[in-house]
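These numbers were taken from a predicted model, which means no experiment stands behind them.
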Amino acid sequence: MSAFAFAFPAVLTTLVLLPVIWWLLRLTPPKPLTEVFPPFAILASILKREETPAQSPWWLTLLRMLMAAAVIFAIADPVFNPRINTLASSGPLVLVVDNTWASATDWPRRVETATALIDDAESRDVPIALVLTADRQHDAVPVDAITARNRLAAAEPRPLPADRTGAIASLRTALDGTAPGTIAFISDGMASGETDETVAALKALSPAEFRLIESDGASAVAITAANNGADALSVTLTRLDGRAPRSLPLTAHDSRGRPIATGTAEFAAGATATTGTITAPFELRNDFARLTVDGLANAGGTYLLDDGFRRRRVAFLSGEVVDASQPLLSPLHYINRALAPYADLIEPSVADLSVAVPELIEQNPSGLIMADIGRLPEDVQAEVKRWVEAGGMLIRFAGPRLAAAPADDPLVPVLLRKGERALGGALSWSEPQPLSAYPAGSPFFGMRAPDNILVKRQVLAEPTPDLAERTWASLADGTPLVTTGPLGSGRIVLFHISAETGWSNLPLSGDFVEMLRRTVQLSRGGGVSSKGGEAQRLPPYRLMTANGTLAAATGEAKPLAANDGAKAIATFDNPPGLYGTEDGYIAHNLFPPGYEIRPLAVAEGAGVLREPLAGKETWSLKPHLFTLAVLLLLADCAIVLIMGGAFAAAISRVPRRGATAAVLLALMAGVLIALPGESRADDAKPGDDTILSRLDTTHLAYVMTGEGEVDRISERGLAGLTEFLTYRTTLEPGEPVGVDIAKDELSLYPIIYWPVSASAEMPSSAAISRIDAYMRNGGTVLFDTRDQFVSLDGNSTSPNTERLQAILANLDIPPLEPVPADHVLTKAFYLLANFPGRYAGSPLWVEAELDRKEDPSRPARAGDGVSPIMITGNDFAGAWAVDANGMALLPTVPPDEVQREHAFRSGVNIMMYMLTGNYKADQVHVPALLERLGQ
C-alpha cells in the first residue's frame, strides 16, 4: 500500500499550462490617480496621451499561480495511505475474518476493511467467499457482492477464540479445487491452539495473492486466573503485544455491577504475562462477582467469579459419641458455634461412618470437617479421597484416635509421628506453648498476634523439606499447629490439636472462629461431587457477550460439566458465562488458568503482504487544497481592491478634522477601557455567568443530599433520562444539575428531583422555606423515597418515608391523590397506566382536584395548572441511571427491561406535563373554539 497517491493523476498534466496562465495574469490595469480639479489643470492636461497598461507585481502573479496550482492539485485528489484496487481477478476473493473476543473493540474497522475489499471485488466482477472463524457454522460458497455485504452486516464478534481449522475446511470444500484470486485474512493476530498452521493452510489453497490484515494488538489482553489470597486478590493476565511496558487498571464489581475495589497490573517490557493485585478487606472480597480491565470492553478483559466467593456448605462429623447432656465436651459444639454464622452446616443422621460419610458427600459440600477420626473404612476412605481430588476441602482435627492412626494415612497433609506430644504436667519438662505470629503465606496472616492461647497437647509432624511451606500456623517452639497440602484439585488442612478444650484453649478464643472461617472460605463454592466419571452437568444460567457483559442464556449453549468450569477453553457448546441456577452456579471463563496468548505464526518470506486495518489511516487533501484556493482568491480580491484605490477613496472622503476626532475618540475609549471602573449595583455578580448558561436550555435538576452514592445515582439517572428525551422527543435538555436547596437559584429549573434519604442531613427550615417558595412560584418537586411506600397516612414505617413526612410537615402542600386514570400525566406523550421505576409497587401522588366533576365520559382532567408536588417510592433515578456507555447501572426489581422502558416513558410524560401543562385537557374545548371561529 502506497503512503501517498492521486485519485486522478491525469489532471496533473494541466500543470504545463501554468506558464500560459503566468503570461495571461502578468498584466493588471493601471492604478487610478487622484488629481486636483482646477479648470486650468484640466486644460493643461487636455492633450490626449497614449496610455499603456502597467505590468502586475511579480508577487501578485505568483499568488495567482499558487491559486491555480492548488485548484489543479485538488481536482487530482491527493490521498494519504490510499486503497488501490489490486485484487487478483483469476479467482474468487476469499475473506477470512476473525470475529473473536479480541475483535470486539475494533469490530467497526474490521467491517469497514472487509466492506472495502467487497467493493473492490464488485468492481472487478469477482465472487466473494466469506467465512467468520468464531461462528459455529461456515458457509464458504462464493456469492455476489450484495449477499456478502448482507452477511457481513449480520455478523458480530463472539466471546470465543477462533476455530480456524473448521473455517479452512469449509473453504476447501466450497472452492472444490478452484484457486482463489486473493485471500484476505483479517486476523486478530493470535494463534489458535498449540500448533497454529492457519497461514500455511491458507497458502495451500494456492491463491494468486495473500494479504494478512492485522490490528495493533492493543486489545488482545485477557484475565486468566484470580486467586483470593490472605490479604489481596491476585489477578493473572496475559497479552499479545509484549514489546512496551504497560499499566492496566483493574476493577472488581459486585453482583449488581457496582465497582467496589480497584487495583493495577503492570506489564514489564518484553513480558506477555503478569499478576496484578486488588487489595481489599476479606469481607469485601467475598462480594466480588466480576473483574474487569478498564478500557477493554471484551470477553477477555472480563473475568467472572462464581460461588467460590459465597457462603459455603460444610459437612462435619466426629469420631466421638455426642453426649447431648454435656455439649461442651463435644468437639462439634465448638466447630458449630464458630461456623454457624458463616456457612451452611450439615450433620450426619447416623453414627456409622460407612453410611454417614457417603451421605454427607452426596449433598455436594464445599468442605468436610472430621474431628478426631483416625481410621476410615477402606471404601469410605477411597470415596473421600476422590471427593478431595475433585476439588473438595478436607479439614481434620487431631485427637487420641488420629494420634493412634497408621502413619500411611493418605488423608493427612504431612507425615505424622505416631502418638501425641504432651506439654506441661508432672511427666513433662516443657511448658504449654503459645502461638507464634502467622507466616506471610498463610490465610491467617493479617490477624492480630495471638495471645493468651496455650497448647497442652498436639500431634507432631515429621521434619520434611517442605514442612515450612505447608505450615499455616505454628507454636512458639516452631512445631506446626496447622498444616496443609494439595490433593488433586482439592486441599487437606490439619489442625494438630483437638477441636475441644482438652488439648488447648484455642476453641474458646475468637482466633478459632476467624481461623475456621478463613479456611472454609478458601474452599470451592457451589459444592463438589466425588463422582469423577459422572460429573454434575450444569445448565447455562447467564452467558457473556463479546463486550464482556452478561446476558440471558441462548439455546445454542449446552450444559457444562462442573469439573470443567475452570479447566477448559470456552467453546461454541460452552461459551463463557455462569452455569447452574440462581441458587448456585460456577463461572466458566474464556481461558483456563495458566493460558498464555501467543502471536500468529507467519514464516518470513512466505509471500504474505501485511496490511493494517482500514479506517482512519486513509484521508484526502482535496478539501484542504480547495480551502487554500478560496483563501488565496479572497487575498487576491483584497489586494486588487487596495491597488485600485477603493479604500484610499473612502478615506479621502472623510474630512481631516473628522478623522482626527475619530482617532482621538478611539484613543480615549481605549484608555477608559484600560482604567479600572467603579462597582455599581447593576454590575455582574459572582455566579451570573452560571445563571446565564442555564437559561439557554432546559436542565433537569436534583437535590444534592450529601451522600456520594445517592447523588451519583441521581446524576446518572437524570443523565439517562436526558439522553432518552433527546432521542425520543424534540426536547434536548442540557446536562443534569445538582442543586443545593439552601443557596442555589431554584427558579431556573422546571422540576427538581429529590431522592429522600433518612441518613442524609435534615434540611434546615430556611432551605425548606425556599422549596416552599419555589413550589408556590410554579416549580414542581418530585420526592422519591425509593422504598415503594403506598400510603401517606403515617402507617409506613420506612425511615425514608418518615424523613419525607418530617420534610412535608414544614411545607404548605395541597391534598394529594394517586394519578387518576384520566389524568394528563397518563397521556402527555405516551399512554401509560402506571408509573414504575426500579420498583413498580408505589403509585405516583399528585395534587388532588377536589372540585372535579365525576364525569366518566370526560376525556381529560380539567384545569390548566401543574401539580407543584409529586411523590413516589419507585426509585425513578435508579431505573434511569446509565453509565458512560449507556448501560444500566442498577437492575429493576424484578429484572425486566420492559419495566425500565416504562420507567423512561414515565419520565418523558412527567417532563412533557411540566413543560406544557394540561395542554391535552384543552382538547376538550377545540370543537367549541372552532365553531366560534367559524361564526
Side-chain angles (χ1 to χ4, degrees), residues 1-5 7 77-88 92-135 138-140 142-159 162 164 167 180-190 202 209-220 240-241 295-300 545-547 600 608-623 885-886:
M1 180 179 290
S2 175
F4 181 82
D77 192 9
V79 179
F80 282 92
N81 296 325
R83 290 195 63 264
I84 302 175
N85 187 356
T86 59
L87 290 182
L93 166 66
V94 174
L95 274 177
V96 181
V97 182
D98 279 341
N99 59 328
T100 60
W101 62 271
S103 67
T105 54
D106 57 2
W107 180 248
R109 291 187 62 195
R110 294 175 182 271
V111 173
E112 185 177 353
T113 303
T115 301
L117 291 170
I118 293 174
D119 293 341
D120 293 345
E122 184 179 28
S123 65
R124 294 187 175 229
D125 198 18
V126 172
I128 302 104
L130 172 65
V131 291
L132 301 164
T133 60
D135 281 1
H138 304 289
D139 183 6
V143 294
D144 58 274
I146 296 177
T147 304
R149 285 195 195 94
N150 292 336
R151 288 182 53 196
L152 184 63
E156 59 183 2
R158 306 283 185 181
R164 298 176 183 139
T182 297
I183 292 182
F185 180 22
I186 305 178
S187 171
D188 58 11
M190 294 181 293
L202 291 175
E209 180 188 30
F210 187 92
R211 298 185 185 182
L212 180 59
I213 305 174
E214 300 174 292
S215 63
D216 56 5
S219 61
L240 176 64
D241 185 6
L296 292 180
N298 57 38
T545 62
N547 59 6
L600 183 69
V608 178
L609 178 62
R610 290 179 176 265
E611 299 178 4
L613 290 176
K616 297 181 180 178
E617 290 90 351
T618 300
W619 59 283
S620 173
L621 276 178
K622 176 189 282 189
N885 297 322

- Task: Answer yes or no: is there a donor N or O on one side and an acceptor on the other, between the side chain of Asn298 and the main chain of Ser219, under 3.5 Å?
- Result: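 Checked: pair present.
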- Query: Under the 3.5 angstrom rule, does the side chain of Asp135 hit a backbone N or O of His138 as a donor-acceptor pair?
  - Reply: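 No: the side chain of Asp135 does not pair with the backbone of His138.
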Measure the [atom1]-[atom2] distance between [X] and [Y] for me, rounded to the nearest 0.5 Å.
| X | Y | atom1 | atom2 | answer |
| --- | --- | --- | --- | --- |
| Thr100 | Leu132 | OG1 | CG | 11.0 Å |
| Leu609 | Phe185 | CG | CZ | 14.5 Å |
| Arg110 | Ile213 | CZ | CD1 | 10.0 Å |
| Asp144 | Asp125 | CG | CG | 10.0 Å |
| Arg610 | Arg211 | CZ | CZ | 15.0 Å |
| Leu95 | Thr115 | CG | OG1 | 9.0 Å |

Over all heavy atoms of both residues, which pair between [X] and [Y] is shortest? Give the atoms and the distance, please.
| X | Y | answer |
| --- | --- | --- |
| Ala148 | Val143 | N-CG2, 3.9 Å |
| Pro157 | Ser103 | CB-OG, 3.6 Å |
| Ala297 | Ala104 | O-CB, 4.0 Å |
| Arg164 | Ser187 | NH2-OG, 3.9 Å |
| Trp101 | Ala299 | CB-CB, 4.0 Å |
| Val126 | Pro92 | CG1-CA, 3.7 Å |

- Message: If we check side-chain contact (heavy atoms from CB on, under 4.5 Å) with Ser215, which of these qualifies: Leu240, Thr113, Asp188, Asp106?
- Response: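 That would be Asp106.
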Is any side-chain heavy atom of [X] less than 4.5 Å from a side-chain heavy atom of [Y]?
| X | Y | result |
| --- | --- | --- |
| Phe210 | Val94 | no |
| Glu156 | Arg158 | yes |
| Asp98 | Ile186 | no |
| Pro612 | Arg109 | no |
| Arg149 | Asp119 | yes |
| Asn547 | Asn885 | no |
| Arg124 | Thr182 | no |

- Message: One pair to check against side chain to side chain contact (heavy atoms under 4.5 Å, CB included): Ile128 and Arg151. What are the steps and the verdict?
- Response: CA-CA 11 Å; Ile128 302 104; Arg151 288 182 53 196; over 6 Å; no
- Query: Under the side chain to side chain contact (heavy atoms under 4.5 Å, CB included) criterion, do Leu202 and Val96 qualify, and how do the steps go?
  - Reply: CA-CA 9 Å; Leu202 291 175; Val96 181; 4.2 Å; yes
